[in-house]
Protein chains: 2
Amino acid sequence: MHSQNLINVISDALPNLNKSESKVAEVILSDPDAATQSSIATLAKRAGVSEPSVNRFCKRFNAVGFPDFKLKLAKSLVSGIRFVNRNVNPEDGVTSYTPKIIDSTINNLALVRDHISHSRVNQVVDKLIQAKRIYFFGLGASGAVARDAENKFFRFNLPVSCHDDVLMQRMLASTGTTGDVFFIISHTGRTKEIVEVAEIARNNGSTVIGLTASNSPLAQQSSVALYVDVPENTDEYMPMSSRIVHLVILDVLATGVTLRRGPDFLPHLAKIKDSLKSTRYASDS
Amino acid sequence: MHSQNLINVISDALPNLNKSESKVAEVILSDPDAATQSSIATLAKRAGVSEPSVNRFCKRFNAVGFPDFKLKLAKSLVSGIRFVNRNVNPEDGVTSYTPKIIDSTINNLALVRDHISHSRVNQVVDKLIQAKRIYFFGLGASGAVARDAENKFFRFNLPVSCHDDVLMQRMLASTGTTGDVFFIISHTGRTKEIVEVAEIARNNGSTVIGLTASNSPLAQQSSVALYVDVPENTDEYMPMSSRIVHLVILDVLATGVTLRRGPDFLPHLAKIKDSLKSTRYASDS
DNA sequence: ATTATACGTAAAAAAACTACTTAATAATTG
DNA sequence: CAATTATTAAGTAGTTTTTTTACGTATAAT
């Protein structure tokens with residue numbers, strides 16, 4: 001898998017290490033940040049081992065040598081530290097909670113960037129390209145995401161609509177046919193109503209795309225599912241950021257569709273953009 | 001300023017660098033990842049400068065020396081913010097456009113994190129706390145943002161609504177009074193209709209909060225304006241990401257309000273969360 | 001013309017690595 | 001079961017690479 005955290009890898013391997021290697025591991029784990037800044041000699045001395053032992057240690061963990069190891073260690077420190085200990089707490093002022101929330105969102109996006117299945121994205125783009133009609137469904141916060149998606153996809157000259165009303169969703173799903181794509185957005189993927197809607201749509205031969213958590217009932221009911229597993233918020237002050245990840249994935253999909261349509265399609269997009277010009281005050285730049 | 005990303009720092013400093021320094025900067029920016037893995041000699045050669053020049057370059061950017069610089073560079077690469085001189089182009093496949101779009105979004109978020117005015121955020125939180133009623137207004141893509149905001153803020157036990165219909169907005173603005181807060185979201189801040197609505201609301205003694213571009217007519221009409229200046233997309237394939245930035249800022253504001261309300265308010269939020277439980281399939285974990 | 005700044009050369013210092021040796025442990029056989 | 005032999009682990013010393021420093025030259029600015 002993509003860049004596993006080096007620190008975790010080391011502490012996992014701890015029991016399988018031999019004497020001097022575990023000494024080195026101990027020192028590194030006790031203060032990883034210091035390790036990234038010390039020379040091989042310093043580290044060897046602190047661990048009470050020889051320099052080549054440290055070097056061998058590095059190579060065991062798939063590094064080219066000591067400097068390369070330090071680099072990898074430093075990298076895993078950044079992503080690690082930002083996850084831990086960056087929760088919002090009641091004492092925080094604007095200066096702390098503002099960057100914390102933004103950083104947490106950034107982190108989630110970075111996670112998705114590294115873990116999303118490109119082949120799945122491609123499959124979804126395929127389905128969207130072939131669609132005769134697209135429905136975007138979501139409830140609550142995902143309703144707003146569906147709304148945004150509608151606003152993006154209508155540009156493709158396709159019948160597109162979005163619905164956040166359970167009854168409407170159910171009725172549309174039951175009248176769907178082959179060629180219809182139901183794009184269903186749900187953070188948990190466990191809302192009964194929405195899973196049922198997915199099932200109804202599928203039974204009618206429509207394509208169901210699920211943007212949701214892996215291993216969720218919705219993911220199982222989907223023809224193609226895009227997994228977004230944003231770490232659960234243990235922190236009550238931290239806002240839910242799966243919405244944002246969903247939006248960005250829809251951006252990715254829209255781009256995929258645009259690219260597939262080819263350069264002949266660009267003038268159409270430009271026309272839509274221009275249509276807004278007269279509604280605006282001229283820019284002073 | 002908040003721990004600015006080293007890569008951004010370098011590209012910001014680019015115009016102030018002298019000949020050989022800018023050569024070094026060019027090489028590093030063109031492929032930062034490669035830079036972290038090369039020796040000072042390799043880098044110097046590639047930049048066409050001497051080794052001490054590279055060393056001086058490092059020190060200029062507050063590093064102890066070359067190795068330390070490489071470390072810091074590596075760290076800033078992970079923190080998510082990759083250097084995005086990388087536009088989407090027609091030849092891109094999923095594997096390229098997916099990370100490009102996500103990276104660009106991350107980049108914009110990092111920019112806002114580093115440039116947003118904390119005192120303004122505080123002022124807006126003040127206004128929201130004092131509000132007797134909040135209206136979220138937006139058109140087009142910002143309509144979806146307003147929708148999301150409504151979904152977030154209704155939890156505060158306040159009359160909250162969102163509107164993306166110009167006529168509705170106009171009527172509500174004209175009936176607004178002191179104690180009403182009109183939260184107006186607009187990427188450009190130049191849409192005539194929405195600027196007029198802001199003016200009407202203000203003339204009636206309501207508070208107008210603008211989430212929009214600086215130096216825009218809407219910003220001028222607002223009681224308090226939060227500036228979001230996302231760099232213009234020269235690239236036609238790159239989606240507009242100000243929406244996402246707006247959403248995250250609304251997350252920040254909601255958190256600000258929650259914190260201001262104090263811990264007594266948490267049970268209320270928990271109750272809302274619990275109310276959804278029965279609508280879901282049990283989690284298998 | 002003089003001073004300051006920018007850049008490079010060359011040599012010294014530091015750091016990292018390699019090859020080789022010794023020690024410790026495990027396995028095998030008399 | 002002890003002794004010998006493999007086998008693995010760790011260390012020493014020396015080599016190579018890398019980085020830094022000190023100094024000198026060139027170029028630009030005053």
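Everything numeric here is computed off the predicted structure, so don't read it as measured data.
Proximity of B:Lys70 to the phosphate of D:dT19: a side-chain N or O atom is located under 4.0 Å from OP1 or OP2. Contact check, B:Ser20 against C:dA6: no side-chain N or O comes under 4.0 Å of OP1 or OP2. Residue A:Ser53 has a polar side-chain atom (N or O) positioned under 4.0 Å from OP1 or OP2 of D:dG11. Of the side-chain N and O atoms in A:Asn55, none sit less than 4.0 angstrom from OP1 or OP2 of C:dA16. Here B:Lys59 reaches the OP1 or OP2 of D:dT21: one of its side-chain N or O atoms lies under 4.0 Å away.
When distances are taken from the side chain of A:Asn18 to each of C:dA16, D:dT20, D:dA10, the shortest belongs to D:dA10. Listed candidates were C:dT18, D:dA10, D:dT19. Nearest to the side chain of B:Ser39 is D:dT19. Among the nucleotides C:dT25, C:dT18, C:dC7, the one closest to the side chain of A:Pro52 is C:dT18. Among the nucleotides D:dT20, C:dC17, C:dA15, the one closest to the side chain of A:Pro67 is C:dC17. Across C:dC17, D:dG11, D:dT18, the shortest atom-to-atom separation from the side chain of A:Ser50 is found for D:dG11.
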Notebook entry, point to check: Are A:Thr258 and A:Thr255 close enough, and set up right, to give a side chain to side chain donor-acceptor pair (under 3.5 Å), and what steps lead you there?
Noted result: CA-CA 5 Å; A:Thr258 311; A:Thr255 306; 5.7 Å; no
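Note that CD1 of A:Ile244 and CD1 of A:Ile106 are 11.0 Å apart. Values are rounded to the nearest 0.5 Å.
As a whole-Å value, the separation of B:Arg56 CZ from C:dA6 P is 10 Å. The nearest whole Å value for the distance from the CG atom in B:Asp68 to the C1' atom in D:dT18 is 16 Å. Put simply, CZ on B:Phe69 is 17 Å from C1' on D:dT18, counting in whole angstrom units. The distance from atom CZ of B:Phe57 to atom P of D:dT19 is 15 Å, rounded to the nearest whole Å. Remark: C1' of D:dA10 and CD1 of A:Ile40 are 14 Å apart, rounded to the nearest angstrom. Atom CG of A:Leu43 is separated from atom P of C:dC17 by 13 Å (rounded to the nearest Å). Regarding A:Arg60, its CZ atom lies at a distance of 11 Å from the C1' atom of D:dA9, rounded to whole Å. Atom pair A:Glu51:CD and D:dT16:P shows a separation of 17 Å (rounding to whole Å applied).
For the pair B:Phe66 and B:Lys19, nearest-nucleotide mapping onto DNA chain D gives the more 5' position to B:Phe66. Judged by closest nucleotide on DNA chain C, B:Gly48 is the one of B:Gly48 and A:Ala41 placed further toward the 5' end.
Between the side chains of B:Ser53 and B:Ser50, at least one donor N or O lies within less than 3.5 Å of an accepting N or O. Side-chain N/O atoms of B:Arg60 and B:Asn18 include no donor and acceptor closer than 3.5 Å.
In plain terms, the two heavy atoms of B:Val49 and B:Ser20 that are nearest each other are CG1-CB, 3.5 Å.
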